[in-house]
Amino acid sequence: MILYGAGSTGGISLVETLNLPNKKIHDFLVGCSLFSSQQPAGIAGFGRGLSSVPSQLRAKKLSYCLVSHKFDDTPKSSMLILDTVYEKSKNLSYTPLLKNPVVAGRNALCEYYYVGLRQITVGRQKVKVPYHYLTPNSKGNGGTIVDSGTTFTFLSHGIFEPVMNAFVQQVKGFSRSEKNERLINLRPCFNVSGHKTVSLPQLKFHFKGGLEMALPLANYFSIVGENDVICLTMVTDSGLKLSTGPSIILGNFQMQNFFVEFNLKNEKFGFKHQVCK
């Protein structure tokens, strides 16, 4: 199923009948772009909003398994499952989906999938993350969301800096490549030229309920240039306290080769590590 929608400067909305193999969805809302330049062929929304695909299909679960990023335009598609009949999944680890903050004039906050990230570790080091970043305040700023539409995980400046410093302190034997950091706006970057194997501290996210997500190295470091420099694939803001909304956005690069489930019936977020094909 492909839904062609907005990816432009303007658009219109249409109400159609969606024909599925065993079901018809009447009054299905579709957005059509009036102008599109260098945009995806189609955009489908999978958040909590009333016009999102899961909401309109009354899905009980939303699952996907994102294939490995190669940045080479390989025509490989990731798996997407929308279950309208609930069945319990096997071998997934779960943490609760949290209630969304309700703030006047900030309706977008109601569409996110919030999870209770409690701690970040780099190697054996617990990164000191101030508590106010982990929970939304009265203005809706703070907290952690999972967003497949975001490429690299975003960390507010006050979180990113100690995470980056933990890597810099623990990585031994590789020189820092600040030239590449300035060129591509990723940091830290390390020169691994001449090394056949690379070992770096493991990055882990720790969630409410004791759930732990240990990321494979390919999910948080990527090769840039001619295979001699690797960079941390996370981004941040300027540190000028201009950004608002979630403090942490777990992006799709970090979710590659994970089977991910949003259990909308029981309000749980689950995952397991596997090779996505």
> Quick one: does N219's side chain have a donor or acceptor within less than 3.5 Å of a partner on Q256's backbone?
Replying inline: yes

> Distance under 6.0 Å and angle within 45° of the ring axis: does K61 meet both against Y86?
Replying inline: yes

> Would you find a donor on one side and an acceptor on the other, under 3.5 Å apart, between the side chain of N100 and the backbone of Y114?
Replying inline: no

>> Could you check whether S89 and K272, counting side-chain N and O atoms only, form a donor-acceptor pair closer than 3.5 Å?
In response: no

> Can you check whether G251's main-chain N or O pairs, donor with acceptor, with D147's side chain at less than 3.5 Å?
Replying inline: no

> Just wondering, do V146 and F269 contact through their side chains at under 4.5 Å, heavy atoms?
Replying inline: yes

> Is the backbone of K126 close enough, under 3.5 Å, to the side chain of Q119 for a donor and an acceptor to pair up by distance?
Replying inline: no

>> Under the criterion side chain to side chain contact (heavy atoms under 4.5 Å, CB included), I'd like the reasoning laid out for S222 against F253: C-alpha separation, chi angles, the key distance, then a yes or no.
In response: CA-CA 10 Å; S222 185; F253 196 89; 4.1 Å; yes

> E181 versus R176: any side-chain heavy-atom pair under 4.5 Å?
Replying inline: yes

>> So that I know where these two stand, are Y64 and F46 an aromatic pair - ring centroids less than 6.0 Å apart?
In response: no

>> With a sphere of 6.0 Å drawn around CG of N185, does it hold more than 12 non-hydrogen atoms of other residues, nucleotides or ligands?
In response: no

>> Which residue is it: T233, V198, L200? I am looking for the one with a side-chain contact (heavy atoms from CB on, under 4.5 Å) to F221.
In response: L200

>> If you define the side chain from C-beta out and look only at heavy atoms, does anything of V229 sit under 4.5 Å from V192?
In response: no

>> Side chains of K268 and P96, heavy atoms from C-beta outward: is any pair under 4.5 Å?
In response: no

>> Can you tell me how far apart CG (N263) and CD (E267) are? Round to the nearest 0.5 Å.
In response: 8.0 Å

>> Taking G245's backbone N and O only, do any of them form a donor-acceptor pair with N141's side chain (distance below 3.5 Å, no angle check)?
In response: yes

> Are H195 and T197 side-chain neighbours, meaning at least one heavy-atom pair lies under 4.5 Å?
Replying inline: no

>> Are L92 and Y94 packed together at the side-chain level, in the sense that at least one heavy-atom pair is separated by less than 4.5 angstrom?
In response: yes

>> Is the shortest side-chain heavy-atom distance between I248 and M234 below 4.5 Å?
In response: no

> Going through the distances and angles, do R187 and E161 end up as a salt bridge (charged side-chain N to carboxylate O under 4.0 Å, His left out)?
Replying inline: CA-CA 10 Å; R187 57 192 175 101; E161 288 296 320; 2.9 Å; yes

> Do the side chain of S177 and the main chain of C189 share a donor and acceptor less than 3.5 angstrom apart?
Replying inline: no

> Does E111 come within less than 4.0 Å of R48, counting only side-chain N to carboxylate O?
Replying inline: no

> Do the ring planes of F258 and F271 sit parallel (below 30°), tilted (30 to 60°) or perpendicular (above 60°)?
Replying inline: perpendicular

>> By the definition side-chain contact (heavy atoms from CB on, under 4.5 Å), identify the one residue from T144, I145, V260, T150 that meets it with L250.
In response: T144

